[in-house]
Structures are given as structure tokens and as C-alpha cells.
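Quick note: residue numbers are just sequence positions, from 1. All of these numbers come straight from a predicted model, not from anything done at the bench.
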Amino acid sequence: MEIARAAIGRGEWQQATNDAEHFARTLLQPVVNATGVLLHTNLGRAPMRIARDARAVNLEIDLESGRRGSRQHAVGGLLARLCGAESAIVVNNNAAAVLLVLSALASGGDVPVARGESVEIGGGFRVPEVMEQSGARLVDVGTTNRTRLDDYRRVISPATSLIFKIHPSNYRVEGFVEDTPVSELASLGIPVVADIGSGLLDAACPWLPAGPPAWLQGEPAARQTLAEGASLVTFSTDKLFGGPQAGVIAGSSELVERCARHPLMRALRPGALVLSSLHEVAMAYLRRTVTESVPFWTMATTPVATLRERAHAIGIGRPVDLEALPGAGSLPGITMPSFGLAIDGDHAAVLRRHTVPVVTRVRDQVTYVDLRTVDPIDDAVVAAALGSLAA
Ligand SMILES: *Cc1c(COP(=O)(O)O)cnc(C)c1O
């Protein structure tokens with residue numbers, strides 16, 4: 001209103017609606033993700049359903065004793081159980097988890113990192129820079145493509161605080177490559193911290209009736225990484241875990257406790273809203289209701305036949321086979337079979353301006369609507385948006 005009034009005040013009547021609409025598009029609002037990228041970083045990664053009343057929550061009170069408790073206790077306990085860890089805590093994201101671990105456990109000490117793992121992940125998360133912030137000294141190990149246990153042995157000294165292993169989740173080096181598995185690193189007698197990144201809890205995916213899908217192959221999982229001997233793992237909860245943005249530190253209770261007591265913890269701790277929704281997602285894993293109640297896993301496990309039926313029901317554009325991507329820099333080069341609609345021409349901008357914006361992918365002057373990332377209740381929105389193109 002105010003923006004429209006300002007334009008009218010300037011005597012620019014024509015401009016009033018334009019200005020108001022332009023402003024409306026800068027506001028945060030629900031959009032339909034028809035890109036086929038399941039975890040689209042620009043669209044908030046894992047989509048979430050949030051149902052919450054206005055009541056208070058027992059964030060830091062022990063309901064048994066009535067005494068002050070820890071906000072980490074409930075969610076940390078569930079996450080620890082889910083990945084087979086002694087203990088776990090939650091911070092704002094995985095970058096915060098890594099920063100906290102290195103600050104609490106390695107400040108002033110040496111941290112060997114394989115040269116092939118000294119990577120940049122997403123905008124601004126660069127291993128050498130996070131290391132510098134934490135006050136730990138990065139010690140390069142091996143070569144870009146190959147690093148063996150002996151390379152680690154050579155750099156270890158009494159100043160070594162921990163060994164840091166990072167899953168280079170957003171790219172892949174193929175050919176003459178070799179890294180040192182956690183199981184071997186654990187034999188060196190120094191705590192191994194593994195940043196597994198994507199938050200796959202268990203490689204066996206016990207929450208999926210059909211077991212692990214083919215596209216997950218090779219993705220490190222929290223439970224197995226800890227079982228192989230890592231003292232701690234860190235991961236994001238808005239990637240393959242399918243929850244809100246947060247980061248988890250899970251593993252040895254002694255090391256987790258040292259992280260929890262570090263002064264940075266206060267600056268990195270999430271609020272009640274995030275912890276509650278993380279709690280809900282963790283409960284869905286424990287109750288084995290993930291495929292119905294965690295949108296990421298619902299999208300990832302929908303059969304192509306169902307997507308094909310939905311495409312035909314929408315009935316606008318050409319039904320086409322497509323390939324969807326996990327996204328969020330996870331599983332580079334991996335696709336999952338998908339289905340959707342193709343419309344000749346580049347209609348991305350018009351579809352983004354629909355009442356409920358529809359975000360699509362355009363390739364070679366063809367606009368693609370991938371239904372794997374569209375909630376079926378939004379098929380009507382997609383139909384209306386595509387219908388408006390024809391009109
Ligand atoms: C995604 C990712 C990060 C960054 O995680 P955020 O939760 O976005 O901070 C760090 N390390 C790895 C290996 C990742 O995959």
C-alpha cells in the first residue's frame with residue numbers, strides 16, 4: 001500500500017501497481033519447486049512442514065525435577081540414538097559444527113588434513129579458512145589425488161590434536177585416486193573427526209521399506225563412520241536428513257561435552273523453533289514414518305509411475321522423462337529418474353511471477369517442470385501457472 005501510495009504521490013499512476021508487485025516479489029513466500037533439485041539451496045534446501053501452537057516448550061526445564069535442564073538434552077539424545085553415538089549436540093549449521101569442534105578440541109594444535117580434502121563447499125565454507133578461524137594449524141597431508149596412512153604417520157607429532165577428514169561432497173575426482181578410510185585413520189591413536197556433510201544417518205536406511213536407493217551409493221553415513229572408529233562426526237540437518245537448517249556434532253560423550261562447554265557454543269546454539277522441528281524429524285526416523293512425514297524422503301521415494309500419472313493429469317505441455325538431482329552439493333553427478341512436463345520456449349520468468357511462484361529449469365529454450373520436487377497438492381498451482389502461459 002505504502003509503496004503504491006508513494007508512486008501515486010509522485011503522480012506516477014501507472015507505476016503504482018508495478019512497484020507494489022515488485023516489492024511483493026522481494027518478500028519471503030511459499031514457492032513451488034519444479035526444478036527437479038530436491039535440496040535446492042536457493043529455495044531453503046529440505047522443505048519442511050511446520051505445525052506449532054503458541055504454547056511454551058520445555059526447552060531448558062527438566063519436567064521430572066522442575067530444575068533447569070539443557071536445551072540440547074532431548075534432541076541431542078534422539079540424534080545420538082539415531083546414529084549410534086554416545087552423545088550429540090546441535091548448532092546452527094554444519095559450518096558452525098566444524099568451527100566449534102576445531103575451536104574446542106584443536107585450537108593451538110596441529111590438524112592433519114588430506115590435500116584432496118582441503119576443499120571449498122558452497123559459498124564461503126573453505127576448510128583452510130575455517131581452520132584458521134578456529135586457531136588450529138592445518139597440516140597438509142599427501143597429494144591432491146592420493147593420500148595413504150603412511151602420509152598421515154609422517155606428519156603426526158605430539159602437537160597433533162585430531163585428524164580431520166572431510167567428505168568432498170560437492171565434486172568427485174575420478175581415476176588415479178586414493179583416500180585413507182576412517183577405519184585406518186582410527187588406528188593412529190588420535191581422535192578422528194569426520195565431516196560427513198549431508199547427514200545420512202545410516203547407510204542401511206532402515207526408515208525406507210525398500211532399503212537404500214541406488215543413488216545413495218558411496219555417501220558416507222553417520223552410524224557407519226562412527227562404527228569404523230571416528231570419535232566425532234559432523235553433518236547438516238537440512239540436506240539428506242530432511243530437516244531444518246542446523247548442524248550436528250555426534251560421537252564420544254567426552255569430546256561432545258568439551259564442545260558443549262566451549263564459549264562459542266552460546267553464539268552457535270539454535271533456538272526453540274529449530275530444535276522443536278528437528279525433534280519432530282528425529283521422531284519420524286524413530287517411528288519409521290519418514291516417507292510420509294519428511295518431505296525430502298517423500299519426494300525421493302515417489303515412484304516414476306506416480307509422477308507420470310500426475311503429469312498426464314495436469315495435461316498441459318509434453319510429458320517427458322527427466323532426471324532429478326539430490327542437490328545441496330550432495331552426491332555430485334548422481335541423478336534419480338523423474339518425470340515432468342516440457343513447454344517450448346523460456347517461460348521461467350513468467351512462471352516465477354505466478355500468484356504462487358513456480359520455479360522451473362530451462363534448457364535449450366525448453367521449460368521443464370519436474371514433478372518429483374512438486375508436492376502433489378501443488379499440481380493445481382502448476383496447472384494454473386502453465387494454463388496462464390497458453391492464455
Ligand atoms: C554442506 C556441507 C558443509 C556446510 O554445511 P552447512 O550446514 O551448509 O553449513 C560442510 N561440509 C560438508 C562436507 C558439507 O557437505
Side-chain angles (χ1 to χ4, degrees), residues 36-41 45-46 79 82-85 88 93-95 97-98 114 116-117 119-122 125 127 164-174 177-186 192-230 232-243 245-251 281-282 284-285 290-291 294-302 323-338 372-373:
V37 179
L38 279 72
L39 304 165
H40 201 301
T41 300
R45 289 193 183 157
L79 289 165
L82 283 168
C83 53
N93 54 25
N94 190 24
V98 171
E117 296 173 13
V119 296
E120 170 172 332
I121 292 178
F125 183 87
V127 169
F164 188 46
K165 185 165 175 65
I166 305 108
H167 176 53
S169 45
N170 57 354
Y171 73 98
R172 238 181 354 191
V173 183
E174 278 178 53
V177 290
E178 180 179 347
D179 77 330
T180 315
V182 167
S183 53
E184 288 183 23
L185 295 177
V192 177
V193 174
D195 172 10
I196 61 166
S198 294
L200 178 64
L201 293 176
D202 186 333
C205 298
W207 58 89
L208 298 182
W215 52 265
L216 264 184
Q217 238 186 18
E219 184 65 17
R223 179 175 289 275
Q224 284 72 22
T225 305
L226 290 168
E228 279 168 29
L232 291 177
V233 291
T234 72
F235 57 85
S236 305
T237 57
D238 55 354
K239 297 182 180 173
L240 300 179
F241 180 77
Q245 180 193 303
V248 174
I249 301 170
V281 179
Y285 276 95
V290 168
T291 50
V294 179
F296 169 74
W297 285 107
T298 311
M299 296 191 288
T301 56
T302 305
E323 291 194 340
L325 307 168
S330 308
L331 299 144
I334 302 270
T335 61
M336 49 184 101
S338 191
R372 184 170 291 290
T373 51

- Yes or no on side-chain contact (heavy atoms from CB on, under 4.5 Å) for Leu38 and Met336, after CA distance, side-chain angles and deciding distance? CA-CA 10 Å; Leu38 279 72; Met336 49 184 101; 4.0 Å; yes
- State which residues pass side chain to side chain donor-acceptor pair (under 3.5 Å) with Glu117; sequence neighbours excluded, sorted by chain then number. Lys165
- What residues form a side chain to side chain donor-acceptor pair (under 3.5 Å) with Ser236, not counting sequence neighbours?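 If we apply the side chain to side chain donor-acceptor pair (under 3.5 Å) test to Ser236, skipping adjacent residues, there are no hits.
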Without swapping roles, check the side chain of [X] against the backbone of [Y] for a donor-acceptor pair under 3.5 Å.
X: Ser198; Y: Lys239; value: no
X: Arg372; Y: Pro337; value: yes
X: Gln224; Y: Ala203; value: yes

From [X] atom [atom1] to [Y] atom [atom2], the distance as rounded to the nearest 0.5 Å:
X: Gln245; Y: Asn93; atom1: CD; atom2: CG; answer: 5.0 Å
X: Leu185; Y: Glu228; atom1: CG; atom2: CD; answer: 10.0 Å
X: Leu79; Y: Ile249; atom1: CG; atom2: CD1; answer: 12.0 Å
X: Leu240; Y: Ile196; atom1: CG; atom2: CD1; answer: 9.0 Å
X: His167; Y: Thr234; atom1: NE2; atom2: OG1; answer: 12.0 Å
X: Leu232; Y: Phe164; atom1: CG; atom2: CZ; answer: 10.5 Å

If you look at every heavy atom in [X] and [Y], which pair is closest and at what distance?
X: Thr298; Y: Val290; result: OG1-O, 4.3 Å
X: Gly197; Y: Asn94; result: CA-ND2, 3.7 Å
X: Ala97; Y: Val248; result: CB-O, 4.0 Å
X: Arg223; Y: Gly84; result: NH2-N, 3.5 Å
X: Gly327; Y: Val37; result: CA-CG1, 3.7 Å
X: Gly242; Y: Phe296; result: CA-CB, 4.0 Å

- Message: Applying side-chain contact (heavy atoms from CB on, under 4.5 Å) to Ser338 and Thr302, what does each step give before you reach the verdict?
- Response: CA-CA 9 Å; Ser338 191; Thr302 305; over 6 Å; no
Does the side chain of [X] reach to within under 4.5 Å of the side chain of [Y], using non-hydrogen atoms?
X: Asp202; Y: Pro212; answer: no
X: Phe235; Y: Thr225; answer: no
X: Trp207; Y: Val294; answer: no
X: Ile121; Y: Ile166; answer: yes

- Message: Under the rule for ring-ring contact (aromatic ring centres under 6.0 Å, His included), what residues qualify as partners of Phe241, not counting sequence neighbours?
- Response: Tyr285
- Audit row: Ile334, Leu216, side-chain contact (heavy atoms from CB on, under 4.5 Å) steps and yes/no: CA-CA 8 Å; Ile334 302 270; Leu216 264 184; over 6 Å; no
- Show your reasoning for whether side-chain contact (heavy atoms from CB on, under 4.5 Å) applies to Thr291 and Leu208. CA-CA 7 Å; Thr291 50; Leu208 298 182; 3.5 Å; yes
